[in-house]
Visitor: 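After the structure tokens below, expect a handful of questions from me.
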Amino acid sequence: MTFLSILFALLIEQLKPLRADNPIYMQIQTLATKIEASFNAGKVKHGRLGWWIMVGLLTVPTALIHWLCLRFSPFAAFAWNVIIVYLTLGFRRYSHYFTSIQLALSSGDEEAARRFLAEWTHRDTSDMDVSEISRIAIERALIATHRNVFGVFFWFLMPVGPACAVMYRVAEYLARAWTEPEHMKNEEFGVYATKIFYWIDWIPARLTAAAFAVVGNFEDAVYSWRNYADRWKDEVVGIILSAGGGALGVRLGEPEEKAMVLQADASAVDVDSLELESQPGAEASPRALQSAVGLVWRALLLWMLLLLLLSFAIWI
């Protein structure tokens, strides 16, 4: 049932992608804002309480409905699984930005590519060249694919799968919503949301990186993962981008600068005097965008194949 639930949800999403501004997501965002306004008193413990209330309000009803569907009919449980996977997956949710950037660069319209990237990332892209546009688009796509697809896959395979999938997506959203806005960056309220999502995402992130390595350039992916992942400020981002970049043969991110600062802090050496080994791979280019699409699709097929084999083994 798990394999078929994911398969049907993916097929439905290909026909009818769920918009990022759909009513369900808007209600969740409103609820998160209300909880933050009600519980944020400037302490980590308040953020912990708010996190558990938010997650509980969404996962407990999901688990209860799943249990009732199982008692009523396997077909009802299957339908509920498909609905939850469809709502939590986001394989096509942001792909239109990536596709638009790819088409714009292919036609030589750099200005349009900058505009699409700015809408997607909410950052200034006016001074970016083609290589930087391509690099950031690939980085954004790999991270979005992990958090909207592969992370959901992993938690959906857990007991009470629908509730776990909802928990993962809500935890991922709270880790952003309670830390990234300008007025929240120096607040302690979002510290707990960030820490707990780190552990929730610990195994899925490494499985995603492993999948990229298996379906891409394995040696370069593993080499980059082992030697460059810890140079990113965010460990999960470092793991996925180092492995993904190695699998594609493309240099992603700018981890060298952070590594130089860390080494300078540790040894009191002038940063300008440090020389670090460059990441393997070529600079990102419009052609690498197509390679990234192929990498994601192959990784998705790998996950589905493993899930099919697992389901077949359990059935036997």
Side-chain angles (χ1 to χ4, degrees), residues 98 117 121 123 128-151 154 172 175-176 179-180 194-195 197-296 298-299 302-303:
F98 188 87
L117 185 62
T121 62
R123 58 191 293 183
M128 293 184 180
D129 57 17
V130 173
S131 177
E132 190 171 9
I133 294 171
S134 301
R135 176 179 63 80
I136 294 176
I138 293 172
E139 292 171 5
R140 187 83 174 194
L142 295 181
I143 296 298
T145 300
H146 163 66
R147 292 177 175 169
N148 292 278
V149 181
F150 300 135
F154 174 82
E172 187 274 331
R176 291 183 289 108
T179 57
E180 292 183 359
T194 301
K195 287 184 177 180
F197 181 66
Y198 168 82
W199 290 111
I200 289 173
D201 204 30
W202 197 91
I203 295 177
R206 286 154 177 80
L207 291 178
T208 297
F212 288 157
V214 170
V215 301
N217 187 323
F218 184 81
E219 291 185 2
D220 284 353
V222 173
Y223 176 82
S224 296
W225 181 356
R226 293 181 59 185
N227 293 280
Y228 296 94
D230 59 352
R231 297 185 179 183
W232 270 267
K233 181 179 180 180
D234 187 314
E235 178 182 327
V236 169
V237 172
I239 290 172
I240 294 173
L241 294 188
S242 59
L248 290 169
V250 175
R251 290 195 299 272
L252 298 179
E254 298 174 351
E256 290 85 1
E257 289 80 355
K258 176 176 180 288
M260 293 171 72
V261 172
L262 290 176
Q263 290 187 21
D265 290 341
S267 58
V269 177
D270 182 15
V271 174
D272 294 333
S273 68
L274 295 174
E275 294 185 2
L276 297 175
E277 180 186 1
S278 298
Q279 285 180 274
E283 286 191 0
S285 64
R287 185 175 182 180
L289 295 175
Q290 185 60 41
S291 299
V293 173
L295 181 75
V296 169
R298 293 194 301 273
L302 175 64
W303 275 77

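What you are looking at is a predicted structure, and each value in this text was computed from that prediction instead of being measured.
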Visitor: Should we count CD of E283 as having more than 12 external heavy atoms under 6.0 Å?
Guide: no
Visitor: For L117 and I136, work out which heavy atoms get closest and say how close.
Guide: CD1-CG2, 3.9 Å
Visitor: Excluding sequence neighbours, so at least two apart, what forms salt bridge (Lys or Arg N to Asp or Glu O under 4.0 Å) with R298?
Guide: none
Visitor: For G151 and P204, work out which heavy atoms get closest and say how close.
Guide: CA-CB, 4.0 Å
Visitor: Using the test side chain to side chain contact (heavy atoms under 4.5 Å, CB included), find all partners of I143 that sit at least two apart in sequence or belong to another chain.
Guide: R147, V237, I240, L241
Visitor: Only counting residues at least two apart or in another chain, list the ones meeting salt bridge (Lys or Arg N to Asp or Glu O under 4.0 Å) with E219.
Guide: none
Visitor: Suppose we screen for salt bridge (Lys or Arg N to Asp or Glu O under 4.0 Å). Which residues come up paired with R176, at least two apart in sequence or across chains?
Guide: E172
Visitor: Tell me every residue that passes side chain to side chain donor-acceptor pair (under 3.5 Å) with S134, counting only those two or more places apart in sequence or in another chain.
Guide: none
Visitor: Identify the two heavy atoms, one from A213 and one from V222, that lie closest to each other, and give their separation to 0.1 Å.
Guide: CB-CG2, 4.4 Å
Visitor: Does F218, at its CZ atom, have more than 12 non-hydrogen atoms belonging to other residues, nucleotides or ligands within less than 6.0 Å?
Guide: no
Visitor: Taking E139 for the side chain and G253 for the main chain, is one N or O donor matched with an acceptor at less than 3.5 Å?
Guide: yes
Visitor: Do you know which two heavy atoms are closest between L295 and A247, and how far apart they sit?
Guide: CD1-CB, 4.0 Å
Visitor: Ignoring hydrogens, what is the shortest heavy-atom contact between A137 and L289? Give both atom names and the distance.
Guide: CB-CD2, 4.0 Å
Visitor: What residues form a side chain to side chain contact (heavy atoms under 4.5 Å, CB included) with V149, not counting sequence neighbours?
Guide: L89, F91, T145, F153, L300
Visitor: Kindly write out the residues that satisfy ring-ring contact (aromatic ring centres under 6.0 Å, His included) with F150, not counting sequence neighbours, or none if the list is empty.
Guide: W303
Visitor: Could you check whether any side-chain N or O of S242 sits under 3.5 Å from a backbone N or O of I239, counting only pairs where one atom can act as donor and the other as acceptor?
Guide: yes
Visitor: When rounded to the nearest 0.5 angstrom, what distance separates CG in D201 from CD in E235?
Guide: 10.5 Å
Visitor: Only pairs at least two apart or in different chains count here, so list each side chain to side chain donor-acceptor pair (under 3.5 Å) that has a residue in residues 284-296.
Guide: Q102-Q290
Visitor: Only counting residues at least two apart or in another chain, list the ones meeting side chain to side chain contact (heavy atoms under 4.5 Å, CB included) with I203.
Guide: F154, L207
Visitor: Tell me, do F212 and H146 make a side-chain contact under 4.5 Å, heavy atoms counted?
Guide: no
Visitor: Give the minimum heavy-atom separation between I138 and A284, together with the two atoms involved.
Guide: CD1-CB, 4.5 Å
Visitor: What residues form a side chain to side chain contact (heavy atoms under 4.5 Å, CB included) with D129, not counting sequence neighbours?
Guide: S131, E132
